[in-house]
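Below: one structure, written as structure tokens.
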Amino acid sequence: MYKAVVSFLGRDCPGIVHAVSSLMTELDCNIDEVSQTILHSEFAAILIVDVPKALALETLHAKLEAGLKTRNVDLAVTTRLFDGVKWNDGAAEPFVVTVDGPDRPGLISGITGVFARNKVNIENLKAVMPGGKSNGQALIVYEVALPHHVDPAALRAELRAAADVLQVRVGMQHRDIFEAVHRVQPV
Amino acid sequence: MLTDREVLSTLNMLRNEHLDVRTVTLGVSLFDCASDNFDTFADKVRAKIHRYAEKLVATCDEVGDKYGIPVVNKRISVSPMGVVCASFSPDQMVRACKVLDEAAKAAGVNFLGGFGALVEKGMTRGDRALIDSLPEALSVTDCVCSSINVASSRSGINMDAVALMGETIKAIAERSADRDAIGCAKLVVFANIPQDVPFMAGAYLGVGEPEVVINVGVSGPGVVKKAIDRAMESNPNRTLSDIAEVIKRTAFKVTRVGEIIGSEVANRLGLPFGVADLSLAPTPEVGDSVGEIFQSIGLSSIGAPGSTAVLAMLNDAVKKGGAFASSHVGGLSGAFIPVSEDSSIAAAAASGALTMEKLEAMTSVCSVGLDMVAVPGATSATTLSAIIADEMAIGMINNKTTAVRIIPVPGKVVGDLVSFGGLLGEARIMAVPGGTADTFIKLGGRIPAPIHSLKN
């Protein structure tokens with residue numbers, strides 16, 4: 001067995017998770033982990049699967065595409081070997097960075113440039129329109145891992161400078177405060 | 001991953017609803033500084049406060065920055081100085097107060113509490129010297145606050161002390177007449193004072209407390225008001241049960257914020273964490289008012305009929321939510337109704353909607369008592385004592401903390417505006433009920449403690 005990363009992207013409809021998982025079963029592949037989401041009408045899933053040695057990665061890819069076609073499911077498939085190597089820059093603290101203000105092109109790239117320069121890894125990213133599309137206000141939530149060698153005050157200042165250029169507000173807080181306020185668990 | 005609601009809700013609490021940690025208070029025991037040599041005492045006090053408070057402000061700022069929630073006030077509470085300085089004369093007490101004031105300023109805190117005494121059953125020479133020093137001590141210092149406990153449910157009311165406090169308050173008012181009697185804003189007379197209050201002016205470090213401790217006072221009247229407003233907007237048919245639930249849940253969130261920040265400050269300073277005080281403490285800022293909560297629940301203003309019922313519900317819901325959020329809840333915990341410090345309460349008092357009599361009735365269910373009430377300068381010492389006695393009686397009989405922070409402003413009459421500045425706010429002079437209590441107060445002695453069976 002070897003591990004592969006397989007991702008699926010396409011229009012959402014009932015039955016597509018069953019189509020993907022039954023195909024995997026047919027191919028003797030075991031789904032290790034899966035993350036699936038829907039954005040508006042679009043379906044996306046990423047799977048880590050155990051694949052029999054006899055089934056080459058290229059063959060797996062071809063059989064998945066063919067199998068989806070026979071099931072009338074329109075999903076784009078990508079496959080690659082999973083090496084399990086995680087990006088690691090030593091110990092890090094979880095912070096939440098929020099950016100809110102008028103939606104505009106370049107909002108995400110402007111802020112993520114600061115993260116990239118400081119080697120701050122984004123672990124989760126979500127952009128929403130809390131007041132609805134007509135409202136024109138966007139809220140972008142980044143859950144990031146802040147390496148210990150990064151000074152939070154300096155990063156916050158850099159984020160503020162980027163936010164000023166984009167004319168949006170930015171906030172950066174330790175993740176624990178969100179959990180403490182909303183979840184019943186020891187603080 | 002955090003949900004959108006979790007992120008949005010926390011952001012709203014921070015940005016639009018005045019969520020903050022109102023105060024982190026470092027309690028420092030000064031019992032080991034006691035000495036009959038003033039210089040030895042002063043050196044020890046300076047050194048000890050400096051040793052523990054040196055990093056307090058910076059640590060609070062760092063932790064507040066980490067969580068994006070400011071710690072508005074950093075304060076110090078010390079052991080009751082009537083005990084620590086038992087051998088001092090009134091003049092030495094004034095000097096001791098100055099030492100504390102300098103130590104507080106050096107530490108960068110805005111108030112230091114504990115220049116007080118516990119005299120509910122009787123008064124030592126040290127206690128008396130401290131009380132006698134108050135007019136001078138509170139006039140020549142800026143940061144030091146005093147609390148005198150004159151009654152308890154177990155000991156009764158020390159009416160000699162009550163009488164003395166009426167005279168002392170008058171004397172303090174005269175000594176700080178040029179600043180609207182601001183000295184009186186730094187003195188509270190208590191019944192059943194808790195020993196771990198982080199809020200001023202009543203803060204002090206009790207006898208059963210550790211050497212050093214961090215207590216935290218969370219606030220958030222603005223958050224509670226906005227939560228009620230949102231709930232009413234989403235469904236106008238909500239009942240008071242629903243509103244009580246909203247307050248309870250909001251108090252939980254607010255208290256969790258205080259708990260996490262207080263614990264981390266304590267950890268970073270290597271000190272034990274004491275209690276979270278769940279009080280809703282207003283500021284003069286619009287949107288950070290306890291009085292506005294009454295309007296959100298359907299009263300024309302605080303003081304209107306129904307106010308006592310609303311306050312009782314508010315106090316209880318705050319305690320219920322907060323108690324689940326923190327392992328160690330203490331202090332006063334409930335809703336403060338300080339007249340000058342709350343724009344909405346001050347407005348109600350100015351318009352006549354809130355009278356002294358109604359305020360006193362409300363104190364039977366609030367967190368503390370008659371707080372920051374400015375009265376005519378001509379109010380006699382015995383009338384002040386009688387007002388204190390009434391409030392002490394409410395606390396004694398009901399097994400609750402009550403207090404009086406009353407300010408007879410020299411030269412001012414009913415309706416005049418007095419301004420104390422900053423967090424202390426401003427208010428119109430309130431009318432004091434008629435009649436006299438001169439003979440009653442002069443009787444002195446002690447009102448016996450009540451019986452605890454046969455309750456009704």
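Here is how names work: the chains are called A, B, and so on, in the same order as the sequence lines, proteins then strands, and each is numbered from 1.
- Distance check, rounded to the nearest 0.5 Å: CD1 of Ile69(B) to CD of Gln173(A) gives 6.5 Å.
- Between Val96(A) and Glu6(B) there is no side-chain heavy-atom pair separated by less than 4.5 Å.
- The two residues Val181(A) and Met13(B) make their nearest non-hydrogen contact at CG1-SD, 4.2 Å.
- Between Arg169(A) atom CZ and Leu11(B) atom CG the span is 8.0 Å, to the nearest 0.5 Å.
- Annotation: Phe82(A), atom CZ; neighbour count of heavy atoms from other residues, nucleotides and ligands within 6.0 Å is above 12.
- Taking a 6.0 Å sphere around CG of Asp164(A), one finds it holds more than 12 heavy atoms contributed by other residues, nucleotides or ligands.
- To the nearest 0.5 angstrom, Asp176(A) atom CG is 5.0 Å from Ile260(B) atom CD1.
- Here OH of Tyr67(B) is found 12.0 Å from CZ of Phe178(A). Values are rounded to the nearest 0.5 Å.
- Only the side chain of Glu93(A) comes within contact range of chain B, judged by heavy atoms closer than 4.5 Å.
- At most 12 heavy atoms of other shown residues, nucleotides or ligands fall within 6.0 angstrom of atom CZ in Arg11(A).
- Chain A is approached within less than 4.5 Å, heavy atom to heavy atom, by Asp65(B), Lys66(B) from residues 58-66 of chain B, ordered by number.
- The two residues Glu179(A) and Leu2(B) come nearest to each other via the heavy atoms CG-CD2, 4.1 Å.
- Under a cut-off of 6.0 angstrom, the local environment of NE2 in His328(B) is sparse, with at most 12 non-hydrogen atoms contributed by other residues, nucleotides or ligands.
- More than 12 heavy atoms of other shown residues, nucleotides or ligands fall within 6.0 angstrom of atom CZ in Arg238(B).
- The number of heavy atoms from other shown groups lying within 6.0 Å of CZ (Arg268(B)) is above 12.
- With a 6.0 Å radius and a threshold of 12 heavy atoms from other residues, nucleotides or ligands, Lys105(B) has its NZ atom above the threshold.
- Residue contact with chain B, scored on non-hydrogen atoms closer than 4.5 Å, is absent for Leu146(A).
- Annotation: the span from Ile177(A) atom CD1 to Lys253(B) atom NZ amounts to 12.5 Å, rounded to 0.5 Å.
- Within a 6.0 Å radius of CD in Glu33(A), other residues, nucleotides and ligands contribute 12 heavy atoms or fewer.
- Nearest heavy atoms, Ser9(B) versus His182(A): OG-CE1, 3.0 Å.
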